[in-house]
Amino acid sequence: MKNAINIIKTSLKHAAGKAFGDRLLNFEPSVANASNANFGDFQCNSAMALAKELKLAPRAIAEQLVSNLEPNAAFETPSIAGAGFINIKLKQEFLEAQLNEVMNDRRLGVCSASAPKNVIIDMSSPNIAKEMHVGHLRSTIIGDSIARTFEFLGHKVLKLNHVGDWGTQFGMLIAELKEQFPAALTTAEALDLGDLVDFYKQSKKHFDEDVEFKARAHQEVVRLQSNDPDSKKAWHLLCNQSRRAFDELYRILDIQHLNERGESFYNDMLADTVNELMSKGVAVEDQGAKCVFLDGYLNEEGKPLPLIVQKKDGGFNYAATDIAALRFRVEHDNADEIIYVVGAEQALHLQMMIKAAHKAGWVSENVRTEHVGFGAVLGEDGKKLKTRSGETVRLKDLLDEAVQHAREDLESRLKEKDKVETEEWKSEISQMIGIAAVKYADLSLNRMTNYVFSFKRMLSLQGNTAPFMMYAYVRVRGIGREGAIDLSKLDKNSQIILGHPSEFELAKQILRFEDVLQDVTESFLPNRICEYLFDLSQKFNHFYEFCPVLSAEEPLRTSRLILCELTAQTISIGMSLLGIKVPERM
Ligand code: ARG
């Protein structure tokens with residue numbers, strides 16, 4: 001209903017011109033959704049803001065604005081409340097006409113961007129030879145949903161997996177494997193990810209405790225970084241090993257077109273990047289290391305906080321890689337927006353490296369860089385999610401368990417209803433519900449909050465959960481199916497009648513979809529899609545309670561069936577933007 005807001009704003013501007021002439025040249029009315037539906041659909045509070053400038057009482061200004069409005073097709077003559085709030089109600093015919101437009105459009109009337117942007121989403125980004133943890137899971141799920149939303153709105157999206165595949169950890173791992181299991185360095189698939197993680201842990205221990213081992217590990221890093229063929233081969237094998245495990249998770253989570261561009265990709269650019277930072281005076285030498293100091297960034301003792309780009313031993317680090325990557329994304333990928341979906345604990349690192357790249361002149365003002373942070377995943381005890389024995393939870397186990405729980409719920413529902421289903425169907429549906437539940441639980445909360453991981457809650461049929469939304473979809477679709485309505489075959493001008501207030505409310509909610517998606521590309525808060533869908537399903541329930549559908553007389557019957565279908569399609573597309581498929585029955 002972006003349209004509606006625009007129409008209202010333009011009309012108010014005209015009215016202001018007529019009422020106050022030159023005194024209000026650059027007037028931009030502020031129009032927002034009404035906080036209380038009883039007052040109307042939209043509200044304009046501009047009269048208050050103009051009082052000082054016009055030296056008039058707000059109420060008098062509001063009256064002038066309203067009395068100078070031209071008659072129009074979109075909204076009724078507004079009412080004025082309190083000190084000067086202008087309450088605007090849309091005309092029924094206007095909504096009916098808009099619904100007619102949405103009805104025959106596969107994109108539900110959502111426009112495709114007229115100036116598509118190149119959007120890069122830095123997401124998932126686990127580390128080789130380590131388990132992917134719940135933080136990576138959040139980044140993957142949130143990043144994917146943001147990506148899908150941008151894509152749906154017609155933008156070009158490049159999803160990048162900034163995998164940790166370079167640096168000291170490989171020196172340690174190679175040194176360890178040379179001693180313990182050399183075959184892993186020359187033969188494919190000699191290890192699985194679990195073994196690799198164990199070797200990695202051992203190597204870390206050796207590295208911290210044994211000086212000679214530490215020196216050997218360093219030599220291995222140098223060999224790898226100087227492109228020694230044997231080291232490179234071993235590195236490839238190790239990366240592939242991890243990659244296989246990661247890919248399996250991406251398959252389960254239905255993450256598509258995620259391009260791996262790990263830290264190693266930028267290796268050849270690091271020396272230049274640091275040299276240029278030095279020659280531009282952005283980085284300086286400090287106690288042997290090369291560092292960037294930025295205004296306002298202080299450590300706990302109030303001293304300038306360095307962003308280290310090259311360590312004393314000459315090694316380039318995480319920050320150097322991120323700066324080189326940012327530069328590459330701007331210069332080479334022509335990114336208009338670069339979105340980092342990374343845990344909130346890396347906020348300082350990201351802020352500083354982005355500022356450093358700006359300072360070096362590598363990011364122009366019209367490129368938007370944004371850290372989309374998120375909180376931690378907690379266990380039901382309120383502490384960071386761990387297994388019973390205190391280990392990091394393996395994501396594969398977590399997802400398997402979700403599917404297992406979904407299966408149990410499904411079995412018990414079937415039993416209650418005395419229904420028999422095929423094994424194939426049951427396993428497909430429980431897979432769908434289990435994964436959807438994990439995704440939706442993550443996406444339905446404001447990403448900055450720490451969220452408590454609870455299978456019971458995420459699989460509940462009550463409340464704002466995936467199963468609830470899926471069920472809502474199945475029910476609404478069922479009505480449409482029973483009424484045998486095919487929107488694509490209906491006359492484009494089929495009459496839509498919004499007689500009952502609940503029909504009116506449902507229609508408005510359906511038409512709000514585009515606004516919500518636009519909002520997500522600004523706020524990067526996919527939970528707004530969940531809230532919207534939840535609201536939609538409640539408005540639908542309300543409608544269904546008061547408005548019989550299948551037993552209504554024509555033309556009301558068709559009109560109501562259209563509302564059902566549009567609701568179902570909106571849920572289905574909305575869920576798909578969360579990365580969730582909806583079943584036709586469950
Ligand atoms: N590999 C990092 C980690 O596991 C995340 C990388 C995030 N992306 C970035 N461009 N720094 O913490």
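Counting starts at 1 for both ligands and their atoms, in listed order. For reference, positions follow the sequence shown, starting with 1. Both backbone and side-chain heavy atoms feed into the values below; hydrogens, waters and symmetry mates do not.
- For an aromatic pair to be called close, the ring centres must be under 6.0 Å apart, and Tyr340 with His371 fails this.
- Of the listed options Glu263, His371, Gln346, Gln346 places a heavy atom closest to atom 12 (O) of ligand 1.
- A cation-pi arrangement is absent between Arg447 and Phe524, since the terminal nitrogen or guanidinium carbon is not both under 6.0 Å from the aromatic centre and inside a 45° cone about the axis.
- The closest approach between any non-hydrogen atom of Lys130 and ligand 1 is not below 4.0 Å.
- When the shell of 6.0 Å around NZ of Lys214 is examined, it contains 12 or fewer heavy atoms from other residues, nucleotides or ligands.
- Looking only at protein heavy atoms, the nearest one to atom 8 (N) of ligand 1 is Asp122 OD1, 3.1 Å.
- Arg261 forms a cation-pi arrangement with Phe265, by the criterion of a distance under 6.0 Å to the ring centre and an angle within 45° of the ring axis.
- Residue-ligand proximity, Val342 to ligand 1, at heavy-atom distances under 4.0 Å covers atoms 7 (C), 8 (N).
- Between Arg329 and ligand 1, no pair of N/O atoms sits closer than 3.5 Å.
- Ring geometry for Tyr451 against Phe453 counts as tilted: the plane angle lies between 30° and 60°, on a 0 to 90° scale.
- Ring centroids of Phe468 and Tyr440 are separated by 6.0 Å or more, keeping the two rings apart.
- Among protein heavy atoms, atom 4 (O) of ligand 1 sits closest to His136 NE2, 2.8 Å.
- Near Tyr318, meaning under 4.0 Å from any of its heavy atoms, are these atoms of ligand 1: 2 (C), 5 (C), 6 (C), 7 (C), 9 (C), 11 (N).
- In Val163, neither the side chain nor the backbone holds a heavy atom less than 4.0 Å from any atom of ligand 1.
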